[in-house]
> 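Structure in structure tokens, see below.
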Amino acid sequence: MSVNFENDPLIDDLNPSQAKAVSHQGGPLLVIAGAGSGKTRVLTRRIAYLIDRFGVSPGSILAITFTNKAAAEMRSRVKDIVGVASASMWVSTFHSACVRILRSNAEAIGYKSNFVIYDQGDSEKLISLITSSVGLDSKRFPPRKIAATISNAKSELVSPDELMARSKHILERKVAEVYKTYQDRLVAANAMDFDDLITRVVQLFMECPDILEHYQRRFEHILVDEYQDTNQAQNALVLTLGKRSRNVFVVGDSDQSVYGFRGADMRNILDFEKSFENATVIKLEQNYRSTQTILDAANAVISNNQFRESKNLWTDQGTGHKIRTFVGDDESHEATFVASQISLERQLSGRRFKDFAVFYRVNSHSRSIEEALIRRSIPYRVIGGTKFYDRREIKDLMSYLRLVANPSDEVAIRRVINVPKRGVGEQTLAKVAEIAQQRDIDFLSALFQYERVGAAGRARKGISDFLIVLDKARTQAEAGMRPSDLLEFLLEESGLGEELRIDPTIEGMSRLDNVSELVSVASDHESLESFLDATALVSQADQLESDDTVTLMTVHTAKGLEYPVVFLTALEDGIFPHSRSLWEPKDLEEERRLCYVGVTRARELLYLTRATSRNQFGQFSPSVPSRFLDEIPRDLMEDLSPKRSYEDLRRVNSYGSGSVSESGLTSITMRRLRSDNAQLDERNNSMPSLSPNEVRTGIRVVHAKWGEGPILAVDGNGDRTTITVRFPGIGQKTLLLAHAPLKLA
């Protein structure tokens with residue numbers, strides 16, 4: 001097809017690489033989109049280009065994003081360009097798209113179309129029921145850990161039988177058995193968990209070629225955002241759907257792949273050219289978010305990773321301010337600096353609180369920052385607390401609604417049969433479950449036989465009342481009652497509303513407000529099915545508020561966001577990068593990508609902070625500077641520490657080039673550790689250090705502050721010798737022997 005690209009308003013304001021991607025003629029295309037390079041604009045314009053310039057029917061376009069918020073934004077942008085013609089295209093998350101497919105085709109794989117969707121809590125509850133029924137010790141087989149194993153297996157398209165075949169010992173075989181039973185129970189309850197939404201569609205396409213062909217013909221163009229975050233199941237779905245047309249347009253950045261712990265597989269984007277022969281690759285390297293100084297720092301850090309598509313971010317927005325670093329005496333000193341800089345920046349530049357974000361590697365490190373902000377009366381919000389739909393009263397009401405839609409849902413029945421309390425004990429429920437198993441009927445059908453299980457007195461009345469509530473609610477739903485009205489009906493009929501109203505505490509009033517908000521959300525939906533689907537698919541990122549507050553969050557949560565001023569805190573080896581990654585190259589590379597993500601969230605000002613020691617288990621432990629700090633060129637940074645900076649110490653002591661020692665630490669980091677230990681020794685008036693000849697694995701040593709413990713490992717030699725010691729009540733510590741305050745026990 002010949003198309004005139006000149007004077008085209010859809011690409012006139014794009015840079016050459018963006019325009020090339022948007023106007024791509026067809027066939028597989030991989031867009032390597034660096035941080036802040038305008039990938040959302042490219043995706044949106046690409047959809048508009050397909051419709052307006054290539055005459056593609058909107059109904060034949062499937063666009064996949066990873067959050068409902070991103071999908072809504074994309075739909076809105078496309079609508080602004082092409083108008084109502086965009087209404088018939090699919091723009092949604094993987095899970096939402098799969099729900100739509102399954103609602104129309106679930107019967108083909110043994111499900112009813114009104115299946116319910118289990119969240120993580122529901123899945124763990126069902127797994128707990130299974131492990132209890134077969135006598136597994138919950139301490140050796142925690143439901144949450146089993147749920148994670150099952151989720152990882154599903155994301156890799158590993159069936160229960162395959163997991164059993166891979167099992168190497170009895171514990172793994174037991175988990176595989178639970179996995180098989182769990183899947184059987186899900187089918188019996190007409191329920192799917194989040195992973196099933198993807199894997200069941202893959203199964204549907206494999207087992208039903210006619211259905212696959214229908215969707216392959218339906219979706220002639222497939223566009224996927226954040227492709228580096230896809231798992232094997234999602235990748236299989238895209239490859240299968242796009243096999244016929246080959247019009248697969250994916251956008252992503254291997255340097256921002258930070259969800260390996262959730263099953264994301266960076267190989268999907270790195271191997272895209274293998275999956276689709278003759279695929280076109282376009283790199284977006286011009287950044288529209290950050291200053292060049294911030295980008296230079298990000299480029300310098302990420303260049304140390306081996307497994308990546310090489311690129312170099314640049315901008316025409318100017319050099320900007322130097323990166324500001326700070327080294328505090330401890331976490332309180334570090335947090336006080338963060339709070340004071342926020343106050344100072346507001347005074348000097350008139351910034352709003354919402355212009356500031358504070359990132360940390362793990363949630364627990366928000367405490368000291370929160371305290372510092374409170375002391376200065378700085379409003380803030382912590383992203384990553386209890387989500388709205390995870391709150392108890394919300395989950396209770398949603399369970400009632402799920403039972404109206406799907407009476408076979410055992411997990412929902414068990415959750416709310418005593419909400420409010422109706423005197424139905426676990427022993428009674430166990431007998432009901434036994435009857436369900438013996439008679440091969442669902443849990444609700446067995447519950448109707450409560451007289452047979454010997455329920456008497458309060459339990460008998462409680463079950464009867466519960467069944468009456470469900471029957472009334474189902475009657476109302478079948479008569480066309482809207483979800484919001486049905487919620488209010490259930491509140492009153494169940495007695496839950498009265499229980500909330502009579503609670504005079506602040507918590508009780510807050511719970512009532514939450515229920516009121518749920519009713520408001522439900523009022524936007526006409527059908528119960530659409531409301532249940534929408535609430536089940538809500539993600540944490542969709543719940544961000546827009547108040548004028550400083551934002552606190554983990555670096556993982558920050559992905560996809562941006563702020564004028566960013567503080568990246570606790571940059572210390574063992575914290576960031578996390579201790580679990582220090583000796584595994586693959587994990588360390590993911591930590592480095594996470595640092596890259598944190599750095600590139602900043603638009604104008606970036607602060608990198610750390611402390612020389614941290615309070616752990618009531619004791620101050622010396623901290624080692626993050627190796628990522630060593631990877632940023634010195635001339636990009638200015639130190640705001642009130643004392644002589646470590647950069648000055650480096651110059652005084654002629655620090656080396658940063659080569660890796662036998663202990664696995666860079667020479668720069670080792671010298672900094674000497675400085676840290678020396679300062680801590682002076683502060684604590686500690687004892688002299690041992691020599692390498694005096695230590696070996698198994699002997700016991702005494703530390704000036706942490707007490708006595710055995711040596712677990714000795715690495716390196718000479719003044720680079722490090723030892724790992726286990727201290728009671730403290731845990732394992734790796735120390736630089738030449739400056740550690742130790743003596744033989």
Side-chain angles (χ1 to χ4, degrees), residues 17-18 21 28-39 42 66 224-232 234-235 238 248-276 279-290 292 294-315 361 555-556 558-560 568 571 576-578 580-602 606 626-633 636 658 660 666:
S17 296
Q18 291 174 329
L29 174 65
L30 169 62
V31 179
I32 305 295
S37 62
K39 68 178 178 64
V42 167
F66 267 80
V224 187
D225 192 10
E226 304 285 9
Y227 206 68
Q228 77 280 349
D229 293 334
T230 55
N231 59 35
Q232 285 299 314
Q234 291 163 336
N235 186 55
V238 172
V248 179
F249 184 107
V250 303
V251 181
D253 181 8
S254 58
D255 289 339
Q256 296 186 72
S257 179
V258 296
Y259 294 128
F261 64 97
R262 292 183 186 172
D265 194 335
M266 191 174 68
R267 290 175 299 178
N268 294 340
I269 192 168
L270 294 178
D271 292 344
F272 184 80
E273 294 171 81
K274 295 179 183 177
S275 301
F276 289 100
T280 302
V281 179
I282 297 174
K283 295 181 181 180
L284 305 183
E285 297 176 297
Q286 183 174 357
N287 178 281
Y288 295 90
R289 174 190 299 155
S290 308
Q292 191 61 54
I294 293 171
L295 297 181
D296 287 345
N299 289 330
V301 170
I302 202 62
S303 65
N304 290 276
N305 272 6
Q306 178 181 352
F307 300 103
R308 61 185 293 261
E309 285 274 0
S310 64
K311 64 179 181 303
N312 193 60
L313 295 180
W314 63 275
T315 185
R361 176 62 181 82
V555 191
H556 277 104
K559 187 173 177 293
L568 197 53
L571 279 161
F576 198 2
H578 197 279
R580 290 192 298 266
S581 71
L582 291 179
W583 310 109
E584 177 54 56
K586 176 184 174 184
D587 295 338
L588 185 58
E589 287 212 352
E590 179 150 327
E591 289 289 304
R592 186 174 283 110
R593 292 193 295 270
L594 190 59
C595 181
Y596 172 85
V597 166
V599 168
T600 54
R601 299 311 94 191
L606 175 64
S626 171
R627 62 197 65 196
F628 301 150
L629 289 170
D630 291 336
E631 295 170 356
I632 300 175
L636 298 179
V660 177
T666 66

> Rounded to the nearest 0.5 Å, how far apart are CD of Glu285 and CH2 of Trp314?
9.0 Å
> Enter the distance from Leu629:CG to Leu571:CG here, rounded to the nearest 0.5 Å.
5.0 Å
> Report the C-alpha separation of Tyr259 and Asn231 in whole Å, then their side-chain angles, then the decisive distance to 0.1 Å, and conclude whether the side chain to side chain donor-acceptor pair (under 3.5 Å) test is met.
CA-CA 10 Å; Tyr259 294 128; Asn231 59 35; over 6 Å; no
> For a quick test of reading the model, state the closest non-hydrogen atom pair linking Ala298 to Thr600 and the distance between them.
CB-CG2, 3.6 Å
> Working to the nearest 0.5 angstrom, can you tell me the gap between Ser275 OG and Leu30 CG?
10.5 Å
> Give the minimum heavy-atom separation between Ser254 and Ile269, together with the two atoms involved.
CB-CG2, 4.2 Å
> Closest approach of Leu295 and Ser290, non-hydrogen atoms and distance?
CD2-CB, 3.9 Å
> What pairs with Glu590 under salt bridge (Lys or Arg N to Asp or Glu O under 4.0 Å), at least two apart in sequence or on another chain?
Arg593
> From Gln18 CD over to Ser37 OG, what is the distance, rounded to the nearest 0.5 angstrom?
7.0 Å
> Check Asp253 with Lys39, please: is the shortest side-chain N to carboxylate O separation under 4.0 Å?
no
> Could you report the tightest heavy-atom contact between Glu589 and Gln306, atom names first, then the distance?
OE2-N, 2.6 Å
> On a heavy-atom basis, which atom in Ala35 and which in Tyr596 lie closest, and how many Å separate them?
N-OH, 4.0 Å
> Does Thr315 use its side chain to pair, donor to acceptor, with the backbone of Asn287 at less than 3.5 Å?
yes
> Nearest 0.5 Å, please: how far is CG in Asn304 from CZ in Phe628?
9.0 Å
> Is any side-chain heavy atom of Val238 less than 4.5 Å from a side-chain heavy atom of Tyr227?
yes
> Do the side-chain N and O atoms of Gln234 and Gln232 include a donor-acceptor pair separated by under 3.5 angstrom?
no
> Would you say the side chain of Arg361 lies within less than 4.5 Å of the side chain of Glu591, judging by non-hydrogen atoms?
yes
> To the nearest 0.5 Å, tell me how far Glu309 CD sits from Ile32 CD1.
4.5 Å
> Taking the side chain as C-beta and beyond, is there a heavy-atom pair between Leu284 and Val42 under 4.5 Å?
yes
> Determine the minimum heavy-atom distance between Leu594 and Phe576, stating which atoms define it.
C-CZ, 3.9 Å
> Counting only N and O atoms by type, is there a donor-acceptor contact under 3.5 Å from the side chain of Asn299 to the main-chain atoms of Leu313?
yes
> Ignoring hydrogens and angles, tell me if any N or O in the side chain of His556 forms a donor-acceptor pair with the backbone of Val258 under 3.5 Å.
yes
> Has the side chain of Ser581 got a donor or acceptor atom that lies under 3.5 Å from a matching backbone atom of Pro577?
no
> Val224 versus Val251: any side-chain heavy-atom pair under 4.5 Å?
no
> With sequence neighbours left out, what residues match Gln292 under side-chain hydrogen bond (donor to acceptor under 3.5 Å, both in side chains)?
Asp296
> Spell out, as yes or no, whether a donor-acceptor pair under 3.5 Å connects the side chain of Asp265 to the backbone of Arg267.
yes
> Check whether the side chains of Asn268 and Thr230 place a donor and an acceptor atom closer than 3.5 Å, and report yes or no.
yes
